[in-house]
Protein chains: 2
Amino acid sequence: MADARGAEESPVDGRPNLPVTSWAVLGLLSFGRELSGYDLKKWADRSMGFFFWSPSFSQIYGELKRLETAGLAVSRIVDQGTGSRSKRIYAITEAGSVALRGWAREAPVEPMVLKHGPMLRLWLGHLQEPAQMRGVLAQHREYAEEMRRRAEVDIKAARDHQEWVYPAVALKWAERYYQAERDLAEGMLEDLEQVWRERGEDA
Amino acid sequence: MADARGAEESPVDGRPNLPVTSWAVLGLLSFGRELSGYDLKKWADRSMGFFFWSPSFSQIYGELKRLETAGLAVSRIVDQGTGSRSKRIYAITEAGSVALRGWAREAPVEPMVLKHGPMLRLWLGHLQEPAQMRGVLAQHREYAEEMRRRAEVDIKAARDHQEWVYPAVALKWAERYYQAERDLAEGMLEDLEQVWRERGEDA
DNA sequence: ACTAACATGTAAAGCGTTACATGATTTA
DNA sequence: TAAATCATGTAACGCTTTACATGTTAGT
């Protein structure tokens, strides 16, 4: 049977009861541009994705369908001149804006969720060799530095658009976050080296 | 039909193909103590939970069953004297140790996943009032400080146990992580105040 | 002509949570 | 004796991903 995950009215405030991801996708549309699922995904990766895990293509398409069913978004098909493929683009509706604003102002803020793969490995250090753990930390350091660099670049792209002040501030936060993440990796490496020195392992 | 999510052998390395959460639960058992599902959950919250979202009670029970089916853990029922209820406690097996060590050393490290509810709200600042955003940041700051404090306390509990060196180092990392998170919230608040000053809003 | 990337979806599977059920033990 | 907490689970639900299907466009 098909999924009947609807968008029933919340009994309290009349706002549809949707998962965060739906609101996040609607949030992407709230900046006023008409976008296709594909473009939405790419944009999500370069903006929201720095601090909020960005959904897969297939989920984006599904969420868009759900938003349209709920009347929070509308789609239309555009034929982009000759020799280019037609695509379906979505826009937020007035009802969508109202609902999203209501959600942003009134819904309880979701707690922060962290699933830190590298830390999980290092926490199980008693099962590994120092060399492997150094490798995990080095790789994570590179990842953090790469993310920091990307955020730095994207901040510049957000300048000159006054409708993107808040995304720009969020990107600034992300730049600092990944810088901290990089520094934390270095700090942990030092702590580990000290542990190994004290134990006389791996001199 | 019941879930048939098994623990089939991986065709490559002979190690059962399990989701990270299973390995994480087995990892909790790898420190050598025999624990019940209930105790496991509580311990997960105070250790792994600082950097790796800790599963619900019901999932822990499910994972334990799966681990036992796969031969990576064994359980036995203990009657704890008169006047106390019997409980089922789990221990890692030799096969479990071997499999977990293999996973820790050879499986690709899962990327870090972040779902930062507060940042998602602030990114949608154009839908809110400054007062609400200040509230979100203040609340997050408190959350981060509380987590930092908990990590600080638990580090002391991990001292004097040389089998917990790596968990202790991970807790030290967590303490710094939540301190950074707190500082980042403060930094963002300053950035936002400046934006509002420049706009002449909310003077 | 062939390949890689673009673009839009559907279907199936599984991860993980919430809600519920049950009963014992402790505290007020 | 009532309520809260401990303790162990089951069932249903739904979020999310992976795999698949399909066709287009651009580069070599």
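Order of the sequence lines sets the chain letters (A, B, ...), proteins ahead of strands, with each chain counted from 1.
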Measure [atom1]/[X] against [atom2]/[N] and give the value in whole Å, please.
X: L40(A); N: dA7(C); atom1: CG; atom2: C1'; answer: 13 Å
X: L64(A); N: dG9(C); atom1: CG; atom2: P; answer: 9 Å
X: K41(B); N: dT5(D); atom1: NZ; atom2: P; answer: 17 Å
X: F57(A); N: dT22(D); atom1: CZ; atom2: P; answer: 20 Å
X: Q59(A); N: dG14(D); atom1: CD; atom2: C1'; answer: 11 Å
X: E63(A); N: dG14(D); atom1: CD; atom2: C1'; answer: 11 Å
X: K87(A); N: dT25(D); atom1: NZ; atom2: C1'; answer: 12 Å
X: I89(B); N: dC6(D); atom1: CD1; atom2: P; answer: 19 Å

So does [X] get a side-chain nitrogen or oxygen closer than 4.0 Å to the phosphate oxygens (OP1/OP2) of [N]?
X: R66(B); N: dC15(C); value: yes
X: Y61(A); N: dG9(C); value: no
X: S36(A); N: dT8(C); value: yes
X: S56(B); N: dT18(C); value: no
X: W53(B); N: dT17(C); value: yes
X: R88(A); N: dA7(C); value: no

Inset, instruction - Under 4.0 Å between any heavy atoms, over every strand shown, what does K115(A) touch: base, sugar-phosphate, or nothing? Just pick one. - result: sugar-phosphate

Taking only residues two or more places apart in sequence, or in another chain, which ones meet [X] in a side-chain hydrogen bond (donor to acceptor under 3.5 Å, both in side chains)?
X: R46(B); result: D154(B)
X: R76(A); result: E34(A)
X: E163(A); result: none

Inset, instruction - Between D39(B) and K65(B), just flag the one whose closest nucleotide in DNA chain D comes earlier from the 5' side. - result: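 Its nucleotide being nearer the 5' end, the pick is D39(B).
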
Inset, instruction - Hey, which sits more toward the 5' end of DNA chain D by its nearest nucleotide, Y38(B) or S58(A)? - result: Y38(B)

Legend entry - Nearest-nucleotide pick for K42(A), side chain only, options being dA7(C), dT17(D), dC15(C): dA7(C)

Legend entry - Validation row: L171(B), F50(B) side chains within 4.5 angstrom (heavy atoms):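 L171(B) vs F50(B): side chains touch.
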
Legend entry - Ion pair E193(B)/R134(B), N-O distance below 4.0 Å: yes

Inset, instruction - Name all residues meeting the side chain to side chain contact (heavy atoms under 4.5 Å, CB included) criterion together with D39(A); count only those two or more places apart in sequence or in a different chain, and write none if there are none. - result: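 By the side chain to side chain contact (heavy atoms under 4.5 Å, CB included) rule, D39(A) matches L35(A), S36(A), K42(A), K87(A).
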
Inset, instruction - Test the R159(A)-W164(A) pair against the cation-pi criterion, namely NZ or CZ under 6.0 angstrom from the six-membered ring centroid and within 45° of the ring axis. - result: no

Legend entry - ring pair (Phe, Tyr, Trp, His ring centres under 6.0 Å) involving W53(B) - partner list, sequence neighbours excluded: none

Legend entry - Axial bend angle, the helix from dA1(C)-dT28(D) to dA28(C)-dT1(D): five-pair end segments, nearest 10°: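 Comparing the axis at each end, I get an angle of 30°.
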
